[in-house]
Enquirer: 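Take this structure first; my questions come after.
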Amino acid sequence: MTLNIGVIGTGAIGQDHIRRCSFALSGARVVAVNDINQDQAKKVVSDLGIAAEVYADAHELINAANVDAILVTSWGPSHEEFVLSAIRAGKPVFCEKPLAVTAQGCKNIVDAEMAFGRRLVQVGFMRPYDQGYRALKAAIDGGRIGEPLMIHAAHRNARVGQAYATDMAITDTLIHEINVLGWLLDDHYVSAQVIFPRKSSKALAHLKDPQIVLLETARGTRIDVEVFVNCQYGYDIQCEVVGETGIARLPEPSSVQLRSEAKLSNEILVDWKDRFIAAYDVELQAFIDAVVAGRVGGPSAWDGYTAAVTADACVAAQRSGKVEPIELPERPAFYAPA
Ligand code: NAP
């Protein structure tokens, strides 16, 4: 069976995902697209040479008889409306992060999906599909370092634009760490604190950069994440898990090691898209394969909801300078890991 996909939002990641589904992955084709900017949607369809119908209305696309599953890649504030509409139509939906821009919006989706009675939503958190993180999780789950006690992590970008604000260090950047570290530990967060070290002279006036986020999990694991988005030298993701009997580190992306000009060196990536390019392919292929097999897996609406609640506490901690509690209801059995 070939899965017929409808895509809402033909901006940067929407175009990447359309390209993936059309030319890189197997088992799916894009048959419908929509964007608030219809001319752009038409141009994307024509530039890629795909036989997809351009819809003026996203809800019409969702309800179209020949659309089996939906990708939501429009801007964040529109996600909740489209995911709820897909659930009403009983269609599987892959939604780029954020699932919704408020925790309540995410909870509305969780409630709608549970009322529907089976999982329809996969959230576009791609880190759990990265080979390096999977190897790290296998080491932890295999007991290779004993119980995890601490995580030291870093998320560094070379630089960010004018529009990037202090709270985006949480909502746009840390959000991926919140998801992947919770997944690595199979644990959830109970408190957050944010510390601002000396500000980098390379950061624009309105932005506090770097930041250190301190998280505590229900089992007492302590996590420090450095978020430094004007580090100048590259896009660099670090993760070191300290366990009772050893330490496991996220592997570096592979690159040729050079002995040259009296130096031993490896390249560091600069573009975030290159760092997780394979993970994006694997996550979407997993969505397609699962839907064809009659189910939906991967990061769930519950994961989207808990990430939003955690991010809200981190933003509150940025503002208060205090340790902020993170209060989450118990995970419903509906969302127990497969
Ligand atoms: P983008 O380039 O701005 O694309 C968003 C597109 O959606 C634009 O074409 C926009 O049109 C369109 N749009 C806005 N409102 C819409 C609506 N109501 N109905 C239909 N289309 C609408 O942004 P992007 O970088 O692709 O990001 C899209 C989403 O993916 C964001 O939520 C972002 O956080 C997420 N994302 C995730 C990752 C990841 O690592 N998982 C990476 C990148 C992006 P206009 O430009 O005319 O407003």
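For the numbers below, each heavy atom of this structure counts, side chains included, while hydrogens, waters and symmetry mates do not. From a predicted model like this one, the values you see are computed outputs, not experimental measurements. Ligands are counted one by one from 1 in listed order, and the atoms in each one are counted from 1 as well.
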Enquirer: So for Pro77, does at least one of its heavy atoms come nearer than 4.0 angstrom to any atom of ligand 1?
Expert: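 Judged by the 4.0 Å heavy-atom criterion, Pro77 does not count as contacting ligand 1.
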Enquirer: Counting only heavy atoms closer than 4.0 Å, does ligand 1 sit against the backbone of Ser74, its side chain, both, or neither?
Expert: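 Both of them.
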Enquirer: What I'd like to find out is whether the side chain of Pro128 reaches to under 4.5 Å of the side chain of Asn179, using heavy atoms alone.
Expert: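 Contact flag for Pro128/Asn179 side chains = yes.
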Enquirer: Is the centre of the Phe82 ring less than 6.0 Å from the centre of the His59 ring?
Expert: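 Close enough - the centres of the two rings lie under 6.0 Å apart.
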Enquirer: Does either side chain, that of Asn108 or that of Glu80, offer a donor lying less than 3.5 Å from an acceptor on the other one?
Expert: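 A pair is found: one side chain offers a donor N or O, the other an acceptor, under 3.5 Å apart.
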Enquirer: Among Leu99, Ile36, Val123, Thr171, which one puts a heavy atom closest to atom 21 (N) of ligand 1?
Expert: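 Answer by nearest heavy atom: Ile36.
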Enquirer: For atom 31 (C) of ligand 1, which candidate among Glu81, Lys97, Lys273, Gln15 holds the nearest heavy atom?
Expert: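 Looking at heavy atoms only, the winner is Lys97.
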Enquirer: Counting heavy atoms only, which of Val44, Ile13, Ile8, Val101 comes nearest to atom 30 (O) of ligand 1?
Expert: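 Among Val44, Ile13, Ile8, Val101, the closest heavy atom to atom 30 (O) of ligand 1 belongs to Ile13.
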Enquirer: Does Gly76 have a heavy atom less than 4.0 Å from any atom of ligand 1?
Expert: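 Distance cut 4.0 Å: Gly76 passes for ligand 1.
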Enquirer: Anything under 30° is parallel, anything over 60° is perpendicular, the rest tilted; go ahead and classify His17 against Phe94.
Expert: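 The rings of His17 and Phe94 stand perpendicular, inter-plane angle above 60°.
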Enquirer: Is there a donor-acceptor pair under 3.5 Å between the side chain of Lys199 and the backbone N or O of Ala205?
Expert: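 Such a contact is found between Lys199 side chain and Ala205 backbone.
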Enquirer: Are side-chain N/O atoms of Arg249 and Gln238 paired as donor and acceptor at under 3.5 Å?
Expert: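 Indeed, the side chains of Arg249 and Gln238 share at least one donor-acceptor pair under 3.5 Å.
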Enquirer: So for Phe276, does at least one of its heavy atoms come nearer than 4.0 angstrom to any atom of ligand 1?
Expert: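 In this structure, Phe276 fails to qualify as a contact of ligand 1 - no heavy atom is under 4.0 Å.
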Enquirer: Who's the nearest protein heavy-atom neighbour of atom 41 (N) of ligand 1, and how far?
Expert: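 Result: Glu96 OE1, 2.9 Å.
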Enquirer: Any heavy atom of Trp272 sitting closer than 4.0 Å to ligand 1?
Expert: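 The answer is yes, since Trp272 has a heavy atom less than 4.0 Å from ligand 1.
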